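Predicted model, so just to flag it, every value in this text is computed and none were measured. Numbered from 1 within each chain, the chains take letters A, B, ... in sequence-line order.
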Amino acid sequence: MRVPLGWLREYIDLPASADDIAERLTMSGTEVANVIRVGSEWDRVVIGQVQTITPHEHADNLFVARVNLAREQVTLVTAASNVRAGDVVSVVRAGGRLAAGPRVEARSFRGVQSNGMLCSGDELGISPEKQTIYVLEADAPIGANLRDYLGDEVLDIELTPNRPDCLGIVGIAREVAALFGAELRMPHVDQPNDGRPAGDVVRVFVDDPDLCPRYTAGYVNGVRIVPSPQWLQRRLHLAGIRSISNVVDATNYVMLELGQPLHAFDADRLQARTIRVRRARANERLTTIDGVERVLPTDALVIADAETPAALAGIMGGSNTEISEGTRRILLESATFDRMSVRQTSRALRLVTEASKRFDKGLDEELPPFASRRALALIRELAGGSVAEGLVDVWRPRDALRTIAFTADDLAALIGNAYAAEQIEDVLRPLGFALERDGERTTAIVPSWRDDVTDKADIAEEVARVTGYDAIPTTLPRGELPSPADDPGLRWREVVRSALAGAGLQEVMTYSLIDPYAVSKLDAGAPFPATGPDEGTIPIHNPMTIDRSRLRTTLLPSLFATVAANLRYQNRVLLFEIAHVFLPPLEPLPREEQRLAIAMAGRRSPPTWNADTAPIDFYDLKAAVEAAFRILHVPLILADAANVPWLHPGRSAVLRTTGDDRELGHLGQVHPRVAERFEMEGMEIYAAELDLDALMSLAAEEIRVRPLLRYPAVERDLAIIVDGRVSHERVAAAVQAAAGPLLEQITLFDVYQGAPVPEGHRSLAYSLSFRSPERTLADDEVATAMAAIEHAVTAQLAAHVRGR
Amino acid sequence: MAAIDVALRGLTDRALLELTRAGDRSAIEAWRTGYLGRSGALSLHMRSIGQLPSEERPAAGQAANAAKDTLEAAFAARQRELEEQALDQRLESEHIDVTLPGRPIHTGGLHPITHTLRRILEIFRDMGFQVAEGPEVELDWYNFQALNIPPEHPARDMWDTFYVKPPSILLRTHTSPMQARIMERTRPPVRVVVPGRCYRYEGQDASHEWMFYQVEGLAVDKGLTMADLKGVLVAFARRIFWPEIQTRFRCDYFPFVEPGVEMSVQCPLCRGEGCRVCKTTGWIELLGAGMVHPRVLRNVGYDPDVVNGFAFGMGAERIAMVKHGVDDIRSFYGNDLRFLQQFT
């Protein structure tokens, strides 16, 4: 909301500079986002009176004006055609300017020297007109500096939704009065009437009092619709409202002043001079004053005459009853509407107006008669006519005003700062609270416009904010600490994060919403493009874009997109993300599972003079996954995975751990067709995704150390030639089983294919370390074990030991 | 001088001269064999002493032993000298270019928001707060109604909301729903911080992002005051930024607190001098806070006449932005490695 200080001054003697007022308002909860200074940059802009205005002899469309500036006269050339002799205008003299930037210079237009410039209202920032010269009031002081006459400062205020009382300038004035200890002056509302009761002229029926708690109607006979005087137009302009005509401007002026929206109907166009406040009927239509014909939602509250809708209650009037030049009699509405109803209709029609912005916050039911009388006084002043006596007022007065009992100790206990009784009164009385004191106890009667104040805590806020939060001391809580309830999952997750970063992966964070086809892109066997959206992802009801319209059930699509984007600048990309996925069913709430996903592609090492130039392969990925398992002390078991749709069928594995059947996730090379769909055609991408919650639930909290063995180990090397489809893990397991407990460690140190190893076979070379916890091993004990190993691998795996 | 002395002197002089000419290990070994070996010149000389008259033998023997000591000492010195020379030569030949880049360690890194969240949580843990997390898909009840924001309340405009199933299921717009969830399942005292992802139906620009991380704080106990809230927040600001940082508290409105607070801090980028980021005010709005609204306490079965609480909520991105001079919030979830790797 915009508050010109020149207007604010009507209700309060300004106690400080604009900046100081803005600062105190902001600190107390009424945020002043900006102070707009009208005229602060005007230089040599003065008021002049046009003596003569004549067409330029040598130029069509130009005029030459002689302008009296009191102490001198100047000649000016203008293109505007609205200037008449005798008009009082604004002149930028040569060398002056209106705003930062180039100055106005004296220059010649086809032989006529122009010593400055006449200004439009838009150039001055005081009215919207761009094409015409702004003509001031006839009594403006000739020769005076324009800034002294029209300069102003405007507070640009961002209100919080709890303070609809501040949606009028008087509300802001009340705040300033309380903050600075100044006196508030309410505007005058009394005017003579013609003695004919309004109720004799107009009739009001409220069919839906739940949506319209109060409806008042005033009546004026014999108005003349003309433009408003300039002071009024300028005030509306500075406050951000367009001037229409005297009567409409009067209603808008009072809305800006008091926060109560009003609407003036052409009374002659209301059938039977009747107002009926009711819900819209099915398929009822109304053309609003913005010229749009609207089909009214059936629950919408309308202001109708005896038959048809004449306005959308609290939002916008209809063009059929609009004030026009020929209007002579007006019915003035000042009412209170249910905020939820206004909000719903405004949203349904996507129509937000100055009125709806106020009504949907909830307005004071006490305000409409006062606002109506205020507007009627202004209309009579601006448009003439005779005002009917009183108002038609349909209202079932609500309960008595709310009271809140409190003590100074109550406030101190909440705020942590002691406030004296006088200090509390000095805050609350200027804000409109009536106070009754009974010893320690004070009862505050909450003013009708402060529906937000319901509790002692609200009283405490009023006192604390007006006296300033900076006055509150800073202390630390002294109470006992809650009993510890450590969530191990939170700690393990951070441990995994650090381990993966330490293993060379960069953490990323990607959006939780994905497109409806993202998951089906992961199925290498499914058609692409997909024939329909994913069945298994939960849709967002009101997505911003189709790309972000589903809750993700896997981190992979976002991670692949991130890999693809980074491969444009990087030749190696190793990423991981830990985040929630959202698994159906939707109700009562989706199951949220923490996943860990890893993706890598490109060179194993950054390029440098001595780098490993090999590309990343499966075993780099496996090492990263192992790092996560190892840090949690969970043994990792991999097995060939069958039918993981996003993985290369020959390079994919399922993740498990010992003694547990659960599949924790998958890893492998991304299927080339899937890589292509994520714009990584021809790249080898390796990726893993696993259920981190499940993995962390297996984490070993306690680590038991084994004693270090004193006896020496005996080392033997062994190369086993075996069919290429027999896995290392099977060979190692057979070796370990045959060797028994004396085989302390088995390390694979070479894998070889090619001559002299037969086609389809490979040689797996192991280094074996035998040790006994009890004694130094004898050679024949080791020889026996080696023989057992050889026998076992020959018999069980159709393998043979190299060199035999 | 007796002939044998002359001979010994000659032998010694010759030996010392030859030793200086022996330029490598094999040459000096040959020299040692030639003079000090079993059949070397000095041994022969010593054996010849036996033929001398007995009265001359002791003196000749002494002289010979002295000569032997001299030659052995000279040998040892020469040997050390040659070893030193050889080492010097080897070291000289092993020169490397120290300016070549170090062999890379394949370091990864954590996301800047992870760094920021860890720092924030660490500070509050030190002040006795526990850490809890909650669901990102949330019930309207917890996200709004339990927080004193009924349906169609005008304050709902403060949070543009993604709905999953209107009106009951939505993407949480803040971490505040955990206030009610935590209070429902525990009794005071409560001191907890809640990090997590939040979502708002909001267009993106340099300072707005539809997905972000928030950290919610909640303390409920007998006798808690707004002064305690200020104390905790000032302590936080001093640790996350610097010890002398200025803080400012103003009244603000959030339906679930009363009184409501907004804390600003001296702009960390210009240290209060005024810059583009703080719009020349010298202040940065850092977080919203307040005393837990009595209706929120009643909604979870707490008695506001017995306990008070305070709550606060801050955006992790905003803190990361002002700490690191990040001028576009979209950088965080754009995941360009050239950005992310600056934090490792």
So, the part of A:P588 with a heavy atom under 4.5 Å from chain B: the answer is backbone
Taking side chain as everything from C-beta outward and backbone as N, CA, C, O, which of these in B:F332 sits under 4.5 Å from a heavy atom of chain A? Side chain, backbone, both or neither. backbone
Less than 4.5 Å to any heavy atom of chain A: does that hold for the side chain of B:V137, its backbone, both, or neither? both
Among the options A:K361, A:R497, A:R478, pick out the one with the most heavy-atom pairs lying under 4.5 Å from chain B. A:R497
What part of B:R197 is in contact with chain A, defined as an atom under 4.5 angstrom from a non-hydrogen atom: side chain, backbone, both or neither? side chain
The interface call for A:E23 against chain B, heavy-atom contacts under 4.5 Å, is side chain
Contacting moiety of A:E592, where chain B heavy atoms sit under 4.5 Å: side chain
Taking atom types as modelled, is there a side-chain donor on B:N148 or B:R295 under 3.5 Å from an acceptor on the other? yes
Top contributor to chain A contacts, counting heavy-atom pairs under 4.5 Å, from B:V131, B:D221, B:T186, B:D157: B:D157
Quick check on A:R550 against chain B: is it the side chain, the backbone, both or neither that has a heavy atom closer than 4.5 Å? neither
Part of A:A413 lying under 4.5 Å from any heavy atom of chain B: backbone
Portion of A:P539 that has a non-hydrogen atom of chain B nearer than 4.5 angstrom: backbone
Bottom line for B:P304: the part with an atom under 4.5 Å from chain A's heavy atoms is neither
Honestly, the part of B:E136 sitting under 4.5 Å from a heavy atom of chain A is both
With a 4.5 angstrom heavy-atom cut-off, which part of B:E202 approaches chain A: side chain, backbone, both or neither? backbone
By a 4.5 Å heavy-atom criterion (distance strictly below it), what part of B:I169 contacts chain A: side chain, backbone, both, or neither? side chain
Pick one of side chain, backbone, both or neither for B:Y199, based on which atoms fall under 4.5 Å of a heavy atom in chain A. side chain
If one checks every heavy atom of A:S512 against chain B at 4.5 Å, the contacting part turns out to be both
Using heavy-atom distances under 4.5 Å, tell me whether B:F254 contacts chain A through its side chain, its backbone, both, or neither. neither
